[in-house]
Every structure is written in C-alpha cells, then in structure tokens.
Amino acid sequence: MNPMALKPYQKIPIADCGEPLVPIPPDRFQLWDPHPYAVLGAPYGDQSPFWVRSGVLDRLLQAAQWLAQQQPGWQLAIFDAYRPLAVQQFMVDYTFAELALMEGLDPVALAQNPQHPQTQALRSRVSQFWASPSDHPATPPPHSTGAALDLTLIDAAGRLLDMGSPIDECSDRSFPDHFAPATDSQHQQFHAHRQLLRRAMAAGGFAQHAQEWWHFSWGDQLWADRTGQPLAHYGRA
C-alpha cells in the first residue's frame, strides 16, 4: 500500500474551464508576509502563492463582503493559495522530515528506506494533511489548480483570531469540528471562530476540507466531491 496514495476525490473527472490565474488584491485581503513556505526555501521561482483562478477570486470577494457585513472591519487573512508542484513536493518532504525529527528519528535514513514501517507510518500522517504532489493531469493537488486557499480571520484591530491550532498542524486539532463538543469557554470560542470562517467561505460557495479548518476550495476535485458535483472545473494551472 502506498501511504501517499491518491485521495478518493481525485477520481472525479476534470473539465478545465481555462480561467487564468490572477493575483489576490492586497487592498481587499491580508496576505501573509513573509510567506511561510518561501521563508523555508520553497521553490516558487517567479510564481506567487497569492494567485487564484479568476472565478475563485470572484467568490472570495463575495466571502469577504459577507464577513464585513457580519463583522465590520474584519478581514480574511490569506495564508496560502496557488502552489506549484515543486512547492507541493518541497512541503511534503519538509513535513515528513519535521514529523520524523519530532519523534527522534532520522528523516534522511527513513526516506532512503521507503518500505520501513516507520517510514510508512510517517508518510500516512503526512498524507492525511498533504495531497500527493502528483504530476498526472487527472490527479492534481488542490493547491496546484489555483482553486484552493488556506486562510484565517483577522479582527477589526488587526489581530489574528485564535482558532485553537495553527495552520498546517498535523493533528486531530486541525479537524474543523474538533472543538464542537467542548464545554469550556475558550474551546467554545475556538469553535465559534472556525464556524464564522466556514460561514463566510460558504457565502462564496466554497467547500471546506474535511480535516483542515483553514482549507477551502471552489471548482477543484475536492470541491466537486464535497458538493456532489460530477465534474471539477479546474485542473493543474
């Protein structure tokens, strides 16, 4: 079994509509600066993590408008959007190495022994939160289509809201409804913040990743799977 196997949603056919990638306007959204993956050395070249398909931007603007109506002065903070395949591969490898080091393991030795049970176990954990950097046109990673975004909320004072776990944390705390059963007030607030983000993005028609409170998409295979659509509108950009 390949622990980085393709996910069920990647079986959905793609009929790319041909929309271009466009920049997310910094005057309408908070863009994460400096970009965390670029700081790590991710190979973006002349491409930007703050590009999306034009139709996705239209819907993102709808989500921002809904949020502003509900919470005047609040904004969507964009952590990441377009991700070239080389960056997807870089971050999969980086996350694997980080998880190995956290467990006191040698990531280089494990990577050189892909059939080792510990390697397989770590790859499975990585795969729970990171799509395979597949270069096949029928199975693109969501972020490589220009349809997916990682984002959070900023209040009217410019403060990031506490969502209960950081973006990209590989743990159950990242599941969107992890804090739903909570009884203490702080955890209830985490859930309320996540629900507000979900409602804002739903106002733009976005679908949320089942295991990542920060990940939303429109028009890709994950969106099609979550909304029951027969086709995805965007392939690899």
A.B. asks: Suppose clustering is done on Ile, Leu, Val, Met, Phe, Trp and Tyr with side-chain heavy atoms closer than 4.5 Å. Which residues sit in the same group as Tyr82?
C.D. replies: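 Noted: Tyr82 shares its cluster with Leu21, Trp51.
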
A.B. asks: Spell out, yes or no, whether Leu231 and Tyr234 are grouped together once hydrophobic residues are joined by side-chain heavy atoms under 4.5 Å, including indirect joins.
C.D. replies: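 No, Leu231 does not connect to Tyr234 through the hydrophobic network.
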
A.B. asks: Quick check: do Glu103 and Leu122 have side-chain heavy atoms less than 4.5 Å from each other?
C.D. replies: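 They are in contact (side-chain heavy atoms under 4.5 Å apart), so the answer is yes.
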
A.B. asks: Would you call the rings of Phe79 and Tyr37 parallel, tilted or perpendicular, taking 30° and 60° as the class edges?
C.D. replies: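 Phe79 vs Tyr37 ring planes: perpendicular.
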
A.B. asks: Using a strict 4.0 Å threshold on nitrogen-to-oxygen distance, state whether Arg198 and Asp177 make a salt bridge.
C.D. replies: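 Yes, charged N to carboxylate O under 4.0 Å.
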
A.B. asks: Give every donor-acceptor pair under 3.5 Å between a side-chain atom in residues 65-77 and any protein atom, sequence neighbours left out.
C.D. replies:
| unit_1 | atom_1 | unit_2 | atom_2 | d |
| --- | --- | --- | --- | --- |
| Gln75 | OE1 | Gln30 | NE2 | 3.1 |

A.B. asks: Mind checking whether Leu149 and Ser217 have side chains closer than 4.5 Å, heavy atoms only?
C.D. replies: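 Side-chain contact under 4.5 Å: no.
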
A.B. asks: Could you check, using the six-membered ring where one of them is a Trp, whether His233 and Trp223 have ring centers closer than 6.0 angstrom?
C.D. replies: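 Ring-ring flag for His233/Trp223: true, centres closer than 6.0 Å.
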
A.B. asks: Is any side-chain heavy atom of Cys170 closer than 4.5 Å to one of Glu98?
C.D. replies: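 No, side chains not in contact.
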
A.B. asks: Are Phe90 and Val92 linked, directly or through other ILVMFWY residues, by side chains that come within less than 4.5 angstrom of each other?
C.D. replies: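 Yes.
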
A.B. asks: If a pair satisfies salt bridge (Lys or Arg N to Asp or Glu O under 4.0 Å) and one of its residues is in residues 150-168, list it, with sequence neighbours excluded.
C.D. replies: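 Sorted pair list: Arg83-Asp150, Asp155-Arg159.
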
A.B. asks: May I ask you to check if Arg123 and Phe96 form a cation-pi contact, with NZ or CZ under 6.0 angstrom from the six-membered ring centre and within 45° of the axis?
C.D. replies: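 Here Arg123 passes the 6.0 Å and 45° test against Phe96.
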
A.B. asks: Answer with yes or no after comparing the ring centroid distance for His35 and Phe50 against a 6.0 Å cut-off, counting only values under it.
C.D. replies: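 So the answer is yes for these two rings.
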
A.B. asks: Going by heavy atoms in the side chains, are His178 and Arg194 under 4.5 Å from each other?
C.D. replies: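 Yes, side chains in contact.
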
A.B. asks: Does the side chain of Leu153 reach to within under 4.5 Å of the side chain of Met163, using non-hydrogen atoms?
C.D. replies: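 Result yes, sub-4.5 Å side-chain heavy-atom pair found.
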
A.B. asks: Check whether any side-chain heavy atom of Met201 lies under 4.5 Å from a side-chain heavy atom of Leu151, and answer yes or no.
C.D. replies: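 Contact flag for Met201/Leu151 side chains = yes.
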
A.B. asks: Do Pro25 and Leu57 have side-chain heavy atoms sitting under 4.5 Å apart?
C.D. replies: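 Answer yes - side chains close enough.
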
A.B. asks: Side-chain contact test, heavy atoms from C-beta onward, threshold under 4.5 Å: evaluate it for Gln120 versus Pro117 and give yes or no.
C.D. replies: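 The answer is no; the side chains never approach within 4.5 Å.
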
A.B. asks: Between His187 and Phe190, does the ring-ring contact (aromatic ring centres under 6.0 Å, His included) criterion hold? Intermediate values first, please.
C.D. replies: CA-CA 5 Å; His187 288 180; Phe190 296 157; 5.7 Å; yes

